[in-house]
Amino acid sequence: MSDLPEVLSQTRDDFLDLGDKDKIQLLIEFAEELPELPARYADHPELLEKVEECQSPVYIFVEVEDGKVAVFATAPEQAPTTRGFASILAQGLSGLSVEEALDIPDDFPSTLGLNSLISPLRVRGMTGMLWRMKRQIREKSQG
Amino acid sequence: MSVPIDTNSKFAEYAHPEAIVSTHWLAENLATPNLVIVESDEDVLLYEIGHIPGAVKIDWHTDLNDPVLRDYVQGEAFAELMSSKGISRDSTVVIYGDKSNWWAAYALWVFKLFGHEDVRLLDGGRDKWIAEGRELTKEQPALQRSNYPVTERNDAPIRAYLSDTLAHIGKPMIDVRSPEEYSGERTHMPAYPEEGALRGGHIPGAASVPWARAANEDSTFKSRADLEALYLGEAGLKPGDDIIAYCRIGERSSHTWFVLNYLLGFTGVRNYDGSWTEWGSAVRVPIVKGTAPGALVD
């Protein structure tokens with residue numbers, strides 16, 4: 001796992017260093033940091049792909065330009081866990097090359113030490129998001 | 001029942017008005033002694049970003065489930081949880097949550113497995129409280145530990161296992177999932193991690209009544225007359241029926257279980273919490289595809 005991209009590996013280490021209460025706070029901070037959608041998507045939510053397996057609505061959009069990935073997402077304020085997951089991944093994947101992004105292990109979400117704290121079922125929602133982001137990256141990079 | 005009931009006229013129509021309170025009633029009763037407010041959500045962070053003053057958090061996944069077995073906690077763990085939250089055996093507990101109270105209803109159902117007598121749902125849940133601009137706080141209440149007795153869980157009256165559900169085929173059953181899950185359409189999405197069911201469809205004979213049809217836009221429960229039209233009229237349930245409700249993991253069907261049991265007064269309603277994640281992966285259990293309830297074929 002040493003070859004995890006820098007931002008994600010920092011995120012993982014940050015989570016693993018914290019006790020349970022602080023892990024929750026960190027996830028809330030991520031939720032608050034979820035960047036606003038760029039204006040070009042904000043008015044067209046129907047363009048964004050819904051991740052069905054997360055029970056709260058989350059919309060994800062991936063762009064690939066010159067071999068670099070950008071990920072945007074939005075989720076309701078009353079779904080902070082979903083926002084936190086989306087924020088970790090959007091921040092962690094944006095700026096990576098296609099290859100780096102596709103190389104992220106599918107089980108990255110379950111390496112954050114959150115399984116027992118918030119339940120494996122919920123963490124699986126984040127795994128679903130990562131799968132969908134990678135699928136879009138694959139589709140968009142094949143042009 | 002030490003804490004008076006909400007005498008609101010909508011609730012008076014229900015079979016058990018003592019099992020439900022309004023946001024107005026709760027706002028007036030925040031300081032009532034021996035009343036404990038419990039928030040129970042799908043989203044595990046919501047309590048931390050703001051909750052009803054004085055409320056404690058109980059999480060269905062991490063507090064009420066056994067960490068090893070696919071089962072609920074046993075009496076000792078439940079007693080410890082209750083004690084740590086300052087809940088006594090005679091406390092009035094009001095539960096509320098997100099998503100029209102799915103998880104709140106699920107938590108209430110688990111309280112009932114342990115026979116806690118006075119548990120009520122907040123009509124409209126978290127969404128309605130917020131929509132009305134009522135107070136939220138991030139402050140954790142100062143809890144005084146209680147001494148909740150260890151009580152044996154009694155599943156039989158309100159919980160159906162796989163074998164009970166198999167034996168129930170031919171009697172009334174309500175599938176509360178979405179129409180796509182009921183018909184079995186939604187199983188083969190490419191690149192989706194499956195949530196744990198290998199086959200799609202529904203249990204033979206189960207009527208499709210998606211849970212949300214029992215709720216209004218503002219997350220409150222529909223009136224008794226509307227609920228009767230839906231369950232007695234459309235779904236054809238009759239007073240005295242033994243009914244099993246199920247969904248995917250039992251949370252949405254807890255909502256329907258609450259409606260049938262407390263609002264309409266059916267006495268033989270069980271929640272099959274194994275639901276589709278168990279049935280859809282069990283070997284050789286019968287499954288019907290498509291939109292018709294179907295029946296068991298020998």
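These numbers come from the heavy atoms of this one structure, side chains and all, not from hydrogens, waters or symmetry mates. Naming convention: chains lettered A, B, ... in sequence-line order (proteins, then strands); numbering from 1 in each chain.
For CD of B/Glu180, the number of neighbouring non-hydrogen atoms (other residues, nucleotides, ligands) closer than 6.0 Å is greater than 12.
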With a 3.5 Å cut-off and sequence neighbours excluded, list the donor-acceptor pairs that the side chains of residues 13-39 of chain A form with protein atoms.
| from | atom 1 | to | atom 2 | distance (Å) |
| --- | --- | --- | --- | --- |
| A/Asp14 | OD1 | A/Gln10 | NE2 | 3.0 |
| A/Lys23 | NZ | A/Leu18 | O | 3.1 |
| A/Glu33 | OE1 | A/Gln91 | NE2 | 3.0 |

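Within residues 52-71 of chain B, the residues approaching chain A closer than 4.5 Å by heavy atoms are, in numerical order, B/Asp59, B/His61, B/Thr62. Among residues 121-145 of chain B, the residues having any heavy atom closer than 4.5 Å to a heavy atom of chain A are, in sequence order, B/Arg126, B/Ile130.
Sorted by first then second residue, the salt bridge (Lys or Arg N to Asp or Glu O under 4.0 Å) pairs that include residues 88-106 of chain A, not counting sequence neighbours, are A/Asp106-A/Lys134.
The side-chain contact (heavy atoms from CB on, under 4.5 Å) test with A/Thr81 singles out one residue from B/Leu45, B/Asp41, B/Leu46, and that residue is B/Leu45.
B/Asp43 and A/Pro80 make their closest contact through OD2-N, 3.1 Å (heavy atoms, listed as atom of the first residue, atom of the second, distance).
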